[in-house]
Amino acid sequence: MQLSTEQMQQMKRNLVHSQARQWTARVDAALLPAQRGEPLARLGALQQLVSEGLAPNETLAARDVQQAAQWLQMGLEAGAPWRDTRAAALLNAAAALGALWFVDGRLLPGARQLPLQPTLPVTMAQLLAQEQGLRFKQAAMRERQLRAGLHLAWQRALAQELGDATLLELARTAFAPHAEPRDDAPEPEFEDEALPLSPDAQAFLSHEQRLAQMAGLEGSPVARLCLAGDLLLGLGRCVRLATTLPPDSREPLLKEAIHAAAGFQR
């Protein structure tokens, strides 16, 4: 039986409503009756539920869920409206794509990014106040495409001990144009070694540099590993994790976490 467009849309709406009821029921079950009307308590319960769904080796995802929850708390304190499903979607997006997925130029073109406001709580309040479905679907699709395409560039970067040339190759691969190649596409007018980085790539690298500075990692071998890992996995993910690792074993632990998150075999 062939369904009409209207019937398909109604089925999607029913699915969304069903998922909303499921999230609400799970949060209610995790809280005492007196806490169920408190957005901050509901956010804490959602964070716990999303974190419990992660595998033990998903340290990057767990750190990003924690970071996203802290930022969403800022949004609530700035007056954002509360909805279980919207917060759950944002926490799950953080686990899959990183806490800063909505400004990650690898995943979203500038027109679809949500600009960071002068104060982070304002941005978080906007995230909680608007639908993220289309934006997240586009980012998730792009992430799946990137993962396979970046594998070889990542391997070459490691083999060359994260040298400048291989890091640039990784950056260019991560920010390659999304369009399908065409037989009639014009040849570039520059040598491969001089390929310019796109504005999105330059913005990403600038963000990474600031994050490394704030974490006290700038200029260290770990900072180069963080940059390579974040080009592979998402803006700021490895920098945030690195700050939680013991300094004397930070580099090997971070490398293991990157391989686990990327699903690559050593």
- 4.5 Å side-chain heavy-atom contact, His151 and Arg147: no
- Nearest-0.5 Å distance that lies between atom CG in Leu168 and atom CZ in Arg172: 5.0 Å
- Using the side-chain contact (heavy atoms from CB on, under 4.5 Å) rule, take Leu91 and Leu72 through it: C-alpha gap first, then chi angles, then the decisive distance, then the call. CA-CA 9 Å; Leu91 291 175; Leu72 293 177; 4.0 Å; yes
- Check: Ala129 main-chain N/O paired with Arg86 side-chain donor or acceptor under 3.5 Å: yes
Please set out all donor-acceptor pairs under 3.5 angstrom arising from side-chain atoms of residues 245-254, sequence neighbours excluded.
from   : atom 1 : to     : atom 2 : distance (Å)
Arg250 : NE     : Ala242 : O      : 2.9
Arg250 : NH2    : Leu245 : O      : 3.3

- Message: How close do Ala80 and Ala125 get, counting heavy atoms only, and between which atoms?
- Response: CB-CA, 3.6 Å
- Message: Hydrophobic cluster membership, with links at side-chain heavy-atom distances under 4.5 Å among I/L/V/M/F/W/Y: are Met214 and Val222 in one?
- Response: no
- Message: Any heavy-atom pair between the side chains of Leu170 and Leu227 that's under 4.5 Å?
- Response: no
- Note on the structure: In short, salt bridge (charged side-chain N to carboxylate O under 4.0 Å, His left out) pairs touching residues 220-245 with sequence neighbours left out are Asp64-Arg237, Asp64-Arg240, Asp164-Arg224
- With Gln73 via side-chain hydrogen bond (donor to acceptor under 3.5 Å, both in side chains) - residues at least two apart: Glu77
- Message: Are the side chains of Leu76 and Leu43 in contact, using a 4.5 Å heavy-atom criterion?
- Response: yes
- Item | Heavy-atom pair with the smallest gap, counting every atom of Ala45 and Val27 | CB-CG1, 4.1 Å
- Message: Before you tell me yes or no, could you show the steps for Asp104 and Leu97 under side-chain contact (heavy atoms from CB on, under 4.5 Å), namely the whole-Å CA-CA distance, both residues' side-chain angles and the distance that decides it to 0.1 Å?
- Response: CA-CA 9 Å; Asp104 190 337; Leu97 304 175; over 6 Å; no
- Are side-chain heavy atoms of Pro109 and Gln138 found at a separation under 4.5 Å? yes
- Taking the side chain as every heavy atom from C-beta outward, state whether Arg142 and Leu108 have any pair of such atoms under 4.5 Å apart. no
- Message: Just to verify, what does Arg210 make a side-chain contact (heavy atoms from CB on, under 4.5 Å) with, not counting sequence neighbours?
- Response: Ser206, His207, Gln213
- Message: Please give me the minimum heavy-atom distance between Leu217 and Cys226, naming the atom from each residue.
- Response: CD1-SG, 4.2 Å
- Single-linkage hydrophobic cluster, 4.5 Å side-chain cutoff, Leu100 and Met74 together: yes
List the atom pairs, donor and acceptor, that lie under 3.5 Å between side-chain atoms in residues 156-163 and the rest of the protein, sequence neighbours left out.
from   : atom 1 : to     : atom 2 : distance (Å)
Arg156 : NE     : Glu169 : OE1    : 3.3
Arg156 : NE     : Glu169 : OE2    : 2.8
Arg156 : NH2    : Glu169 : OE2    : 2.4

- Task: Report the distance from atom CG of Leu150 to atom CG of Leu232, rounding to the nearest 0.5 Å.
- Result: 5.5 Å
- Same apolar cluster (I L V M F W Y, side chains within < 4.5 Å links), Leu120/Val103: yes
- Message: Filter on ring-ring contact (aromatic ring centres under 6.0 Å, His included), then keep only pairs touching residues 82-121, sequence neighbours left out; what's left?
- Response: Trp101-Phe136
- Output yes when a side-chain donor or acceptor of Arg106 lies under 3.5 Å from a complementary backbone atom of Glu143, and no otherwise. no
- Message: Quick check for you: to the nearest 0.5 Å, what is the distance between Cys238 atom SG and Leu231 atom CG?
- Response: 9.5 Å
- Message: Do Asp200 and Gln113 make a side-chain contact, defined as non-hydrogen atoms from C-beta onward lying under 4.5 Å apart?
- Response: yes
- Item | Audit row: Ile258, Leu225, side-chain contact (heavy atoms from CB on, under 4.5 Å) steps and yes/no | CA-CA 9 Å; Ile258 292 170; Leu225 178 58; 4.0 Å; yes
- Task: Would you check if the side chain of Gln202 reaches a backbone N or O of Leu197 as a donor-acceptor pair within less than 3.5 Å?
- Result: yes
- Task: State, to 0.1 Å, how close Gly219 and Ala223 come at their nearest heavy-atom pair, and which atoms those are.
- Result: N-CB, 4.2 Å
- Taking every non-hydrogen atom, the tightest pair across Arg135 and Gln130: NH1-OE1, 3.1 Å
- Task: Mark yes or no for whether Glu208, through its side chain, and Gly236, through its backbone, hold a donor-acceptor pair below 3.5 Å.
- Result: yes
- Output for pair (Leu241 CG, Gln66 CD), nearest 0.5 Å, gives 10.5 Å
- Mind listing the closest non-hydrogen atom pair of Phe175 and Gly105 along with its distance? CE2-C, 3.3 Å
- Message: Please determine whether residues Leu167 and Trp154 belong to a single hydrophobic cluster, defined as Ile, Leu, Val, Met, Phe, Trp and Tyr linked transitively by side-chain heavy-atom distances below 4.5 Å.
- Response: yes
- Message: Donor-acceptor check, side chain of His259 to backbone of Lys255, threshold 3.5 angstrom: yes or no?
- Response: yes
- Glu52 CD to Gln48 CD distance, which is reported to the nearest 0.5 Å: 4.5 Å
- Query: So if you build clusters from Ile, Leu, Val, Met, Phe, Trp, Tyr with side-chain heavy-atom gaps below 4.5 Å, do Leu152 and Leu233 land together?
  - Reply: no
- Message: salt bridge (Lys or Arg N to Asp or Glu O under 4.0 Å) for Arg42 and Asp28? Distances and angles first, verdict last.
- Response: CA-CA 8 Å; Arg42 299 190 77 81; Asp28 284 346; 2.9 Å; yes
- Message: Please report the interatomic distance OG1(Thr85) to CG(Leu90), rounded to the nearest 0.5 Å.
- Response: 9.5 Å
